[in-house]
Amino acid sequence: MIDFEMELNEMISCKNLMNSYKLYFLKAIIVNASNDKKEFTFYEMACWMCAYSFADVCSVGGRLRPLDKLYDAAVLAIEKEDLMESSKISEVYDATFNTRDGELRRLISSLCNYVPYRLLAYLWPIELKGKTDRQKNQIIEELSRGDKQCVYSIFSISQNKKSIAMNPEWAAYIKSNRKKFMLWIDRKIDAFVWRKQSQ
């Protein structure tokens with residue numbers, strides 16, 4: 001029996017939260033995962049991350065953390081796609097997903113170089129200890145698809161397709177509890193974004 005809420009909290013616990021990527025990636029899952037929609041490309045997820053973080057990074061007016069490039073993506077999207085700071089989530093998603101600007105597409109794509117893997121890394125601390133980033137990604141990719149570990153993994157990763165596939169049990173649980181988890185992830189994001197600004 002999976003304790004879904006405990007697992008979600010562990011995924012984004014403070015000890016594992018170096019930047020905002022995990023929070024916005026998880027929000028994209030919570031908002032969009034369903035019984036009918038269980039597969040997402042890395043690029044699609046990165047565009048949702050840009051869309052959900054857009055108002056926050058515009059309000060802050062800078063990076064949420066030194067290595068956090070969601071602000072950079074927002075600035076470039078405003079410049080290249082004629083977005084405004086007041087643009088809606090759907091407008092930001094459509095503009096970033098459909099952009100033909102190579103520089104913007106590369107920046108957006110880079111947002112998912114690690115976050116799909118790092119969101120799952122808490123499941124296998126022993127297996128990942130002392131490994132390089134590339135090795136960690138390969139191990140997490142393999143273990144996320146393994147029969148014994150998959151039940152605890154919110155999604156599995158396909159490196160060849162650069163996509164994630166939701167675990168059906170997780171997708172069903174999120175769908176049934178979406179409103180509660182929307183409030184939960186928004187509180188987590190607000191605490192992360194605004195606590196850092198007040199320090």
Side-chain angles (χ1 to χ4, degrees), residues 1-13 16-17 19-57 68 70 73 88-98 108-124 137 140-193:
M1 186 76 176
I2 307 172
D3 186 336
F4 292 96
E5 293 187 34
M6 183 186 79
E7 297 294 328
L8 286 168
N9 277 294
E10 188 64 23
M11 280 179 213
I12 57 170
S13 67
N16 297 325
L17 204 58
N19 60 42
S20 67
Y21 292 3
K22 287 183 183 179
L23 294 167
Y24 292 111
F25 192 94
L26 190 54
K27 180 168 183 172
I29 289 173
I30 290 169
V31 174
N32 296 288
S34 69
N35 294 333
D36 298 323
K37 179 65 173 170
K38 293 194 284 283
E39 294 190 21
F40 303 90
T41 65
F42 282 9
Y43 191 78
E44 185 178 1
M45 292 299 289
C47 290
W48 282 123
M49 289 166 62
C50 291
Y52 294 131
S53 66
F54 192 80
D56 293 334
V57 296
D68 192 323
L70 287 167
K88 297 177 181 177
I89 290 171
S90 59
E91 293 172 330
V92 177
Y93 177 81
D94 289 342
T96 53
F97 189 77
N98 296 310
I108 292 168
S109 294
S110 73
L111 298 175
C112 280
N113 284 345
Y114 298 105
V115 67
Y117 304 94
R118 299 305 172 260
L119 201 61
L120 301 181
Y122 79 99
L123 291 169
W124 304 290
N137 286 4
I140 292 168
E141 184 185 326
E142 291 169 8
L143 292 175
S144 74
R145 295 196 303 262
D147 292 337
K148 293 181 180 178
Q149 301 289 352
C150 189
V151 68
Y152 292 101
S153 179
I154 189 170
F155 53 78
S156 60
I157 300 173
S158 169
Q159 178 60 31
N160 292 337
K161 296 181 180 178
K162 290 194 176 291
S163 63
I164 64 169
M166 291 292 297
N167 178 319
E169 290 183 57
W170 275 95
Y173 186 77
I174 287 171
K175 181 186 175 187
S176 298
N177 297 277
R178 196 181 314 278
K179 287 184 180 179
K180 178 175 77 171
F181 286 128
M182 287 280 293
L183 293 171
W184 171 80
I185 194 65
D186 283 342
R187 284 196 300 269
K188 293 286 187 182
I189 289 171
D190 285 347
F192 181 88
V193 171

Side-chain heavy-atom pair [X], [Y] within 4.5 angstrom cut-off:
{"X": "Leu26", "Y": "Ile12", "answer": "yes"}
{"X": "Ile164", "Y": "Glu39", "answer": "no"}
{"X": "Trp184", "Y": "Leu8", "answer": "yes"}
{"X": "Arg178", "Y": "Val31", "answer": "no"}
{"X": "Cys112", "Y": "Met49", "answer": "yes"}
{"X": "Leu120", "Y": "Phe155", "answer": "yes"}
{"X": "Phe42", "Y": "Ile157", "answer": "yes"}
{"X": "Cys47", "Y": "Ile108", "answer": "yes"}

(message) Between Arg118 and Asn137, do the side chains contain a donor N or O and an acceptor N or O under 3.5 Å apart?
(response)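 Yes, a side-chain donor-acceptor pair sits under 3.5 Å.
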
(request) Would you please say whether a donor-acceptor pair under 3.5 Å links the side chains of Asn167 and Tyr152? (result) no

(message) Can you confirm whether or not the ring centre of Tyr93 sits under 6.0 Å from the ring centre of Trp48?
(response)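 Tyr93 vs Trp48: aromatic centres under 6.0 Å.
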
What is the distance from atom [atom1] of [X] to atom [atom2] of [Y], rounded to the nearest 0.5 Å?
{"X": "Leu183", "Y": "Ile185", "atom1": "CG", "atom2": "CD1", "result": "11.5 Å"}
{"X": "Ser153", "Y": "Glu169", "atom1": "OG", "atom2": "CD", "result": "12.0 Å"}
{"X": "Tyr21", "Y": "Asp68", "atom1": "OH", "atom2": "CG", "result": "5.0 Å"}
{"X": "Phe54", "Y": "Leu70", "atom1": "CZ", "atom2": "CG", "result": "11.5 Å"}
{"X": "Leu119", "Y": "Ser144", "atom1": "CG", "atom2": "OG", "result": "11.5 Å"}
{"X": "Lys27", "Y": "Asn32", "atom1": "NZ", "atom2": "CG", "result": "10.5 Å"}

(message) Met166 vs Ile174, test: side chain to side chain contact (heavy atoms under 4.5 Å, CB included). Steps then yes/no.
(response) CA-CA 11 Å; Met166 291 292 297; Ile174 287 171; 4.0 Å; yes

(message) Parallel, tilted or perpendicular: which one describes the rings of Phe97 and Tyr43, with boundaries at 30° and 60°?
(response)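 Ring orientation, 0 to 90° scale: tilted.
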
(request) Determine the interplanar angle of the Phe181 and Tyr173 rings, folded into 0 to 90°, and report it as parallel if under 30°, tilted if 30 to 60°, perpendicular if over 60°. (result)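 Ring orientation of Phe181 relative to Tyr173: tilted.
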
(request) Kindly say whether Val92 contributes a backbone atom to a donor-acceptor pair with the side chain of Thr96 at under 3.5 angstrom? (result) yes

(message) Can a donor-acceptor pair be found, under 3.5 Å and without considering hydrogens, that links the side chain of Asn177 to the backbone of Lys180?
(response) no

Closest non-hydrogen atom pair, [X] against [Y]:
{"X": "Pro168", "Y": "Lys38", "value": "CA-CD, 4.2 Å"}
{"X": "Ala28", "Y": "Met45", "value": "CB-CE, 3.6 Å"}
{"X": "Ala171", "Y": "Ser34", "value": "CB-O, 3.9 Å"}
{"X": "Ser158", "Y": "Glu141", "value": "C-OE2, 4.5 Å"}

(request) Using a strict 4.0 Å threshold on nitrogen-to-oxygen distance, state whether Lys162 and Glu44 make a salt bridge. (result)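 Glu44 and Lys162: not salt-bridged.
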
(request) Count the heavy atoms belonging to other residues, nucleotides or ligands that lie under 6.0 Å from NZ of Lys88, then report whether that count exceeds 12. (result)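 12 or below, so no.
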
(request) Determine, for Phe40 and Lys37, whether the Lys NZ or Arg CZ falls below 6.0 Å from the six-membered ring centre while staying within 45 degrees of the axis. (result) yes

(request) Could you check Ile154 against Met11 for side chain to side chain contact (heavy atoms under 4.5 Å, CB included), going step by step and ending with a plain yes or no? (result) CA-CA 10 Å; Ile154 189 170; Met11 280 179 213; 3.8 Å; yes

